[in-house]
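Let me begin by presenting the structure, written as structure tokens, before commenting on it.
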2 protein chains.
Amino acid sequence: MLSKKAKYALRALIALARADGDGPVLIADLARRERIPQKFLELILLDLKRQGILQSKKGRGGGYLLRKEPEAIYLGQVIRALDGPLAPLPCVSRTAYAPCEECDDEKGCGIRLVMKEVRDATARILDGTSLADLIERVDRQRPKRKGAPLRSSRAKTRAGGAKSERRTA
Amino acid sequence: MLSKKAKYALRALIALARADGDGPVLIADLARRERIPQKFLELILLDLKRQGILQSKKGRGGGYLLRKEPEAIYLGQVIRALDGPLAPLPCVSRTAYAPCEECDDEKGCGIRLVMKEVRDATARILDGTSLADLIERVDRQRPKRKGAPLRSSRAKTRAGGAKSERRTA
DNA sequence: TCCCGTTCCGAGTAAATTACTCTACTCATT
DNA sequence: AATGAGTAGAGTAATTTACTCGGAACGGGA
């Protein structure tokens with residue numbers, strides 16, 4: 001089961017991806033717009049920052065933005081960051097392997113065999129889908145306008161001459 | 001994440017499948033042999049019985065046995081019975097659908113789209129693998145003896161003339 | 001330099017879930 | 001009727017989830 005935390009994270013990231021290139025987005029705006037409890041969202045964004053997915057800017061004119069392009073942010077990484085390993089059992093996790101204590105011969109464990117299939121299938125999907133893919137798939141079937149600009153508390157931010165200069169620092 | 005409950009259930013079912021045709025197996029023997037807390041196992045077996053996967057017999061000579069052949073018991077059913085739906089989100093569950101409250105247009109939800117893929121992949125695997133498949137795959141790669149008979153408290157039960165007459169009642 | 005807007009951090013907490021245990025009951029067979 | 005089994009429901013400790021609170025740290029502008 002995907003936790004609310006991970007779901008909120010995905011929603012926030014999608015919003016940030018749509019606002020990509022428009023400068024930092026305030027936690028407060030994001031929370032209001034996506035109807036996510038603000039304090040909870042703070043935790044989540046911080047996690048995502050520690051994962052290298054987001055970057056932040058403090059003080060006036062600050063907020064959060066993507067650290068990488070939406071094409072390079074995969075759902076697997078996001079969900080692992082917030083919910084832990086994708087694998088249904090620790091003994092089939094590639095990113096967080098741990099032996100099951102009760103199972104003595106791992107090789108001969110049928111449950112493990114099948115769960116490994118499940119893990120692989122899940123990982124193939126989630127590590128193969130980027131934020132950009134997600135957005136594209138949604139927009140393709142329901143081509144809505146690129147959305148009124150996300151930020152609202154800060155009305156007159158300049159959107160920067162050329163789009164999306166992503167600071168690498 | 002697969003719960004211990006579901007894992008215990010699978011282990012117990014595998015053992016019962018291997019003992020299929022040898023008459024009822026005692027909870028106590030199953031618990032000891034599979035190193036599962038007995039009282040907990042009782043709950044689990046009862047669940048499986050309610051699901052129509054197991055049948056039981058009370059009194060002396062009683063115990064649990066499969067209600068269907070190992071070929072007809074699919075992992076998906078077992079796991080759903082104990083851990084609930086396979087789907088990572090209620091809104092993509094086929095067996096336990098529920099709309100997400102915050103998501104207004106389900107059709108246009110990208111998260112849902114991807115999670116549906118995950119659910120489908122998982123279900124394809126788990127609803128496509130039977131107890132018999134599981135056992136066969138294990139035995140094929142490590143062809144161990146069919147195991148010393150499971151029961152030990154009751155030494156001299158007659159194994160029934162022809163194998164495996166499964167009562168349909 | 002001081003203020004203010006903003007993120008960052010540690011702790012705390014209520015509710016739900018998990019992984020069990022306890023006690024007693026019911027039912028079948030001998 | 002005694003005994004050997006499963007059946008039922010309540011209870012509970014530990015963990016996880018989904019948050020909240022209060023304030024410290026930092027950055028930029030006046």
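Chain letters run A, B, ... following the sequence lines, proteins first, then strands; residues in each count from 1.
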Between the protein and nucleotides 10-18 of chain D, which nitrogen or oxygen pairs are less than 3.5 angstrom apart?
residue, atom, partner, partner atom, Å
dA18(D), OP2, Lys4(A), N, 3.3

List, with names and distances, any nitrogen or oxygen atoms from the protein found under 3.5 Å away from nitrogen or oxygen atoms belonging to nucleotides 24-30 of chain D.
residue, atom, partner, partner atom, Å
dC26(D), O4', Lys58(A), NZ, 3.2

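In this structure, CZ of Arg35(B) is placed 18 Å from P of dA19(C), rounded to the nearest angstrom. For the pair Glu42(A) CD and dG22(D) P, the interatomic distance rounds to 14 Å; values are reported in whole Å. One interatomic measurement links the two molecules: CG of Leu46(B) to P of dG9(D), which rounds to 10 Å at whole-angstrom precision. Following rounding to the nearest Å, Ile27(A) (CD1) and dC9(C) (P) show an atom-to-atom distance of 12 Å. Rounded to an integer number of Å, the gap from Arg32(B) CZ to dA5(D) P is 12 Å. Atom CD1 in Ile44(B) sits about 16 Å away from atom C1' in dA8(D), given to the nearest Å. What separates CD of Gln38(A) from C1' of dC21(D) is a distance of 13 Å, to the nearest Å. In this structure, the CG atom of Leu26(B) is 9 Å from the C1' atom of dG4(D), given to the nearest Å.
An OP1 or OP2 oxygen of dC9(C) is reached within less than 4.0 angstrom by no side-chain nitrogen or oxygen of Lys39(A). Applying the 4.0 Å criterion to OP1 and OP2 of dA8(D), one finds that Arg50(B) has a side-chain N or O inside that range.
With sequence neighbours excluded, the residues satisfying side chain to side chain donor-acceptor pair (under 3.5 Å) with Lys49(B) are Ser56(B). Every residue two or more places apart in sequence or in another chain that forms a side chain to side chain donor-acceptor pair (under 3.5 Å) with Ser3(B) is listed here: Asp83(B). By the side chain to side chain donor-acceptor pair (under 3.5 Å) test, Ser130(A) is found to be paired with Asp133(A), residues two or more places apart in sequence or in another chain being considered. The side-chain contact (heavy atoms from CB on, under 4.5 Å) check on Arg50(B) picks up Leu46(B), Asp47(B), with sequence neighbours excluded. Scored by the side chain to side chain donor-acceptor pair (under 3.5 Å) test, Glu136(B) finds Arg140(B) as partners (sequence neighbours excluded).
The salt bridge (charged side-chain N to carboxylate O under 4.0 Å, His left out) pairs that include a residue from residues 110-122 of chain A are Arg94(A)-Asp120(A), Glu106(A)-Arg112(A), Lys116(A)-Asp120(A), Glu117(A)-Arg137(B), where partners are two or more places apart or lie in different chains.
Gln51(B) contributes no side-chain N or O that, together with a main-chain N or O of Leu82(B), makes up a donor-acceptor pair within less than 3.5 Å. The closest donor-acceptor contact from the side chain of Gln55(A) to the backbone of Leu66(A) lies under 3.5 Å.
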Side chains of residues 7-14 of chain A: which donor-acceptor partners sit under 3.5 Å, not counting sequence neighbours?
residue, atom, partner, partner atom, Å
Lys7(A), NZ, Glu102(B), OE2, 2.6
Arg11(A), NE, Glu34(A), OE1, 3.2
Arg11(A), NH2, Glu34(A), O, 2.3

